[in-house]
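On a predicted model such as this, the values are computed, not experimentally measured, just so you know. Just so it is clear: chains get the letters A, B, ... in the order the sequence lines come, proteins before strands, and each one is counted from 1.
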Amino acid sequence: MKAMNEMHLNFPSISTNEGFARAAVAAFAVQLDPTVDELCDLKTAVSEAVTNSIIHGYRDTIGKVYIDCKLLQDNWIQVKVRDHGCGIENVEQAMEPLYTTAGDERAGLGFAVMKNFTDKLKVQSKPGKGTTVIMEKAFSPRVRQNG
Amino acid sequence: MKAMNEMHLNFPSISTNEGFARAAVAAFAVQLDPTVDELCDLKTAVSEAVTNSIIHGYRDTIGKVYIDCKLLQDNWIQVKVRDHGCGIENVEQAMEPLYTTAGDERAGLGFAVMKNFTDKLKVQSKPGKGTTVIMEKAFSPRVRQNG
Amino acid sequence: MEAEEKTETQEKRPVRLLLHEDTLTALLAGEIDHHSAREIREAIDMTAMRVRPAQLVLDFGDVRFMDSSGVGLILGRCKIMEMWQGHVAVQNMPPKLERIVSMAGLHDLCEFRKVEKDESNE
Amino acid sequence: MEAEEKTETQEKRPVRLLLHEDTLTALLAGEIDHHSAREIREAIDMTAMRVRPAQLVLDFGDVRFMDSSGVGLILGRCKIMEMWQGHVAVQNMPPKLERIVSMAGLHDLCEFRKVEKDESNE
Ligand SMILES: Nc1ncnc2c1ncn2[C@@H]1O[C@H](COP(=O)(O)OP(=O)(O)O)[C@@H](O)[C@H]1O
Ligand SMILES: Nc1ncnc2c1ncn2[C@@H]1O[C@H](COP(=O)(O)OP(=O)(O)O)[C@@H](O)[C@H]1O
């Protein structure tokens, strides 16, 4: 599918950028005229993916997080979140709800939220190479007021 | 000066991205805890630079606009807006208030606004190669409430 | 109203036009930049060319952001209105946009005024 | 109040703590993500460890955004409170955060309730 518009973003894996990343994606997505709820769902999913790159992918190191965002036909948006971090040994296991390698303060729900709050989720990962999460979401077409 | 945080952004030169670009820079800049007015000034300056790349740099073609943003020491932010567009023959002349090559609907105030709404402005341009605008702005340190 | 089921995330329309006697009022809203200025300009000019009002009022009361494209928008409308000896009044410019307005010296070129919300909106 | 001269662009503080008899109330605000959850967690735990309240109330009334880090925050506080047979109540969860809350099955793990703003704030 041809992208009607796109943006590419990268920043170091420091936790203040979690809020920035989801705000930037939201600022791009408003072009598709989503509802408040749809936009909030997308922000939540992006927040999960970016947080994972920061705390799991790069753990105690600092690396770069990449976001590639595309507006596709029919009100679809695609958001790719990439890191060159440690990667995931077993993606299937990692995606199970409640599974976490990070102890008591993580709920193990990151992937579950990404799946639930978007319409398509693909995770590609290679141990030692990094992880790419591709999410797609369709915003409902809005009936426009004429007044 | 070492950057405490940074972000890099690029997007095609279509006019819907003017609003996205200034919103993204603002979402990054809030880390420095600017006032509403300071943030609005920065957004205005960024809007001018991005608009120039879109309408002057690339004119009727589509190219990429690049934004590099850095948080520096002492509450300074640096925003670089770059294009690989047509470039500017005479930068000094271009920066004069009211000078415009774009006819009745442009006020010729883009550079004047960038200068007035930030604390440092540098413009580098090469005809046929492109233009880079570097703006720096200091946000006032905020006295924190303890309550 | 029924069509508007979704909760709004975006701006309301950037321009609404009201014609009252020989005055055309353009109620501007949201963010005025090069992108939105085009839509605003086209809407105003199309109607102004047809009705040739004696006065064009540009109301900025609901404008939250404006860069120098907004200045160009005002200057351009002044030129259009001059063609039939009409004049432009700029209404309810928000205080935070004063700086860019005075940088452009617009106060010497057109009338600035404040009016109550209720008078200007229908 | 005088120190607060600048117009706020950012959040108010992400957590404020109130101790009333054996109840510690944490008023959360703004966006809860992995970044802010750390500050919130540290503030709550430091006080909770000291005063060992019978009840910890987490008030989400002013929370505008929350990802699964907020779920982790709640679960972690439940574990802490269990250490001295205390319990956690989640208060004023905004309707739009209900989805993530029920995904996590939190309703089975702690008490959820609504209270009026005036009762919960001082
Ligand atoms: N970008 C990543 N790089 C490396 N490991 C990851 C990445 N994202 C997720 N993981 C692994 O998958 C597990 C499950 O992730 P998730 O469902 O988001 O839950 P949580 O973040 O709460 O641990 C993580 O604990 C981690 O081991
Ligand atoms: N990125 C750019 N690429 C090419 N030319 C530019 C660029 N930015 C500015 N210029 C030139 O400088 C002139 C003055 O710019 P500016 O002060 O922003 O006023 P305006 O945008 O209203 O024309 C423009 O009319 C254009 O000729």
**Item:** More than 12 heavy atoms of other groups within 6.0 Å of E92(B) CD
**Value:** no
**Message:** If you count heavy atoms of other groups shown closer than 6.0 angstrom to CD of E98(C), is the number above 12?
**Reply:** yes
**Engaged part of T51(B) at the chain C interface, taking heavy atoms whose separation is under 4.5 Å** = side chain
**Prompt:** Between atom CZ of R38(C) and atom OG of S15(B), what is the distance when rounded to the nearest 0.5 Å?
**Reply:** 5.5 Å
**Asked** Would you call D33(C)-R22(B) a salt bridge at under 4.0 Å N-O?
**Response** yes
**Request:** Determine whether more than 12 heavy atoms belonging to other residues, nucleotides or ligands lie under 6.0 Å from atom CE of M83(C).
**Result:** yes
**Request:** Would you check if D67(C) and V113(B) make a side-chain contact, meaning some heavy-atom pair closer than 4.5 Å?
**Result:** no
**Prompt:** Is E31(C) reaching over with its side chain to a backbone N or O of G19(B), donor-acceptor style, under 3.5 angstrom?
**Reply:** no
**Asked** Is it the side chain or the backbone of D41(B) that comes within 4.5 Å of chain C heavy atoms, both, or neither?
**Response** side chain
**Request:** Could you tell me which non-hydrogen atom of F65(C) sits nearest to which non-hydrogen atom of S47(B), and how far apart they are?
**Result:** CZ-CB, 3.8 Å
**Prompt:** Which pair of heavy atoms, one from G72(C) and one from A107(B), lies closest together, and at what distance?
**Reply:** N-CB, 3.9 Å
**Asked** Say you draw a straight line from CG of L75(C) to CG of D104(B); how long is it, rounded to the nearest 0.5 Å?
**Response** 9.0 Å
**Asked** Does K137(B) NZ have over 12 foreign heavy atoms under 6.0 Å away?
**Response** yes
**Asked** Any chance the side chains of E18(B) and H35(C) put a donor and an acceptor closer than 3.5 Å?
**Response** no
**Message:** Donor-acceptor pair, distance only, cut-off 3.5 Å: does the side chain of R99(C) make one with the backbone of N116(B)?
**Reply:** yes
**Request:** May I ask you to decide whether E105(B) forms a salt bridge with R77(C), counting only side-chain N to carboxylate O separations under 4.0 Å?
**Result:** yes
**Request:** Determine whether more than 12 heavy atoms belonging to other residues, nucleotides or ligands lie under 6.0 Å from atom NE2 of H107(C).
**Result:** yes
**Asked** In Å and rounded to the nearest 0.5 Å, what is the OG1 to CG distance from T44(B) to L97(C)?
**Response** 8.0 Å
**Request:** Inspect the surroundings of NZ in K114(C) and state if more than 12 heavy atoms from other residues, nucleotides or ligands are less than 6.0 Å away.
**Result:** yes
**chain C contact via I55(B) - which portion, at a heavy-atom distance below 4.5 Å** = side chain
**Message:** Counting only heavy atoms not in E111(C) (residues, nucleotides, ligands), do more than 12 fall under 6.0 Å from its CD?
**Reply:** yes
**Asked** How many angstroms lie between atom NZ of K43(B) and atom CZ of R64(C), to the nearest 0.5 angstrom?
**Response** 7.0 Å
**Asked** Is the closest side-chain donor-acceptor distance between S69(C) and R106(B) under 3.5 Å?
**Response** yes
**Complete:** Taken to the nearest 0.5 Å, the spacing of K96(C) NZ from D37(B) CG works out to 7.5 Å
